Amino acid sequence: MTGLLLKALTGALVVILIGVLSKTRNYYIAGLVPLFPTFALFAHYIVGTERNIEALRTTIIFGLWAVIPYTAYLISLYFFIGSMKLHYALFGAVVCWSLAAWLLISLWTRFHA
């Protein structure tokens, strides 16, 4: 239960930090904060302690490929904001992320399972 509380507090602190940074002169740094490996640290620690090193290495390699859905999200959002209201653009970008993530998982399980 303590671990769950720690994760929730970490997530809340990240959201607060993003909110604070978005109001500063250097607002664009708010886009870097979500890329801090907060949750990757949790995932790597859990996989590293509950599985073997080879499983951790596989998780790390998959994490490198996971940049593709995030890139799809950013590129689609960049183009969507020019022609849609923000909430529609964000929704569309999440759909693009979801499709790219689904494709990544499908291909990964086909070739690495």
Side-chain angles (χ1 to χ4, degrees):
M1 188 64 161
T2 304
L4 186 59
L5 182 62
L6 178 63
K7 293 171 191 164
L9 288 173
T10 302
L13 288 173
V14 169
V15 171
I16 290 169
L17 181 59
I18 291 169
V20 169
L21 286 171
S22 70
K23 294 178 181 8
T24 68
R25 182 171 65 102
N26 299 317
Y27 58 89
Y28 48 86
I29 296 173
L32 181 62
V33 173
L35 299 178
F36 183 81
T38 305
F39 298 106
L41 288 168
F42 290 131
H44 295 150
Y45 177 78
I46 291 168
V47 171
T49 57
E50 295 182 4
R51 310 253 339 191
N52 58 29
I53 293 301
E54 195 55 40
L56 178 57
R57 287 188 173 149
T58 300
T59 303
I60 292 166
I61 296 298
F62 184 79
L64 289 169
W65 285 97
V67 172
I68 294 170
Y70 187 68
T71 302
Y73 167 82
L74 291 175
I75 291 170
S76 62
L77 183 59
Y78 181 84
F79 288 106
F80 289 162
I81 59 173
S83 61
M84 299 178 187
K85 291 184 178 183
L86 181 59
H87 59 280
Y88 291 125
L90 290 167
F91 178 77
V94 168
V95 169
C96 290
W97 180 93
S98 299
L99 291 171
W102 173 80
L103 182 61
L104 173 62
I105 292 168
S106 297
L107 291 172
W108 183 270
T109 54
R110 172 181 264 176
F111 296 110
H112 292 283

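Worth saying up front: this structure is predicted, and the values here are computed from it rather than measured. Residues take their numbers from the sequence shown, with the count starting at 1.
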Measuring from atom [atom1] of [X] to atom [atom2] of [Y], what distance do you get when rounded to the nearest 0.5 angstrom?
| X | Y | atom1 | atom2 | result |
| --- | --- | --- | --- | --- |
| F39 | I46 | CZ | CD1 | 11.5 Å |
| W65 | W108 | CH2 | CH2 | 8.5 Å |
| T10 | F36 | OG1 | CZ | 10.0 Å |
| I16 | L21 | CD1 | CG | 12.0 Å |
| L104 | T109 | CG | OG1 | 9.5 Å |
| L107 | H112 | CG | NE2 | 9.0 Å |

**Q.** W97 side chain near P69 side chain, heavy-atom distance below 4.5 Å
**A.**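 Contact flag for W97/P69 side chains = yes.
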Q: Report yes if some heavy atom in the side chain of L90 is under 4.5 Å from a heavy atom in the side chain of L77; otherwise report no.
A: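 L90 vs L77: side chains touch.
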Would you say [X] and [Y] are hydrophobically clustered, going by side-chain heavy atoms of ILVMFWY under 4.5 Å?
| X | Y | answer |
| --- | --- | --- |
| L35 | L17 | no |
| V33 | Y28 | yes |
| V94 | L86 | yes |
| I29 | Y27 | yes |
| Y70 | I81 | yes |

Does [X] have more than 12 heavy atoms from other residues, nucleotides or ligands lying within 6.0 Å of its [atom1]?
| X | atom1 | answer |
| --- | --- | --- |
| F42 | CZ | yes |
| F79 | CZ | no |
| Y78 | OH | no |

(Q) Between H44 and A40 (side chain of the first, backbone of the second, donor and acceptor by atom type, cut-off under 3.5 Å), is there such a pair? (A)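 Looks like yes, one N/O pair under 3.5 Å.
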Q. Among I61, V67, I68, whose side chain to side chain contact (heavy atoms under 4.5 Å, CB included) with L64 holds?
A. I61
Q: State, to 0.1 Å, how close S22 and A30 come at their nearest heavy-atom pair, and which atoms those are.
A: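 Smallest interatomic distance, heavy atoms only, reads N-CB, 4.1 Å.
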(Q) Ignoring hydrogens, what is the shortest heavy-atom contact between G92 and F80? Give both atom names and the distance. (A)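 Closest approach of G92 to F80: C-CE1, 3.4 Å.
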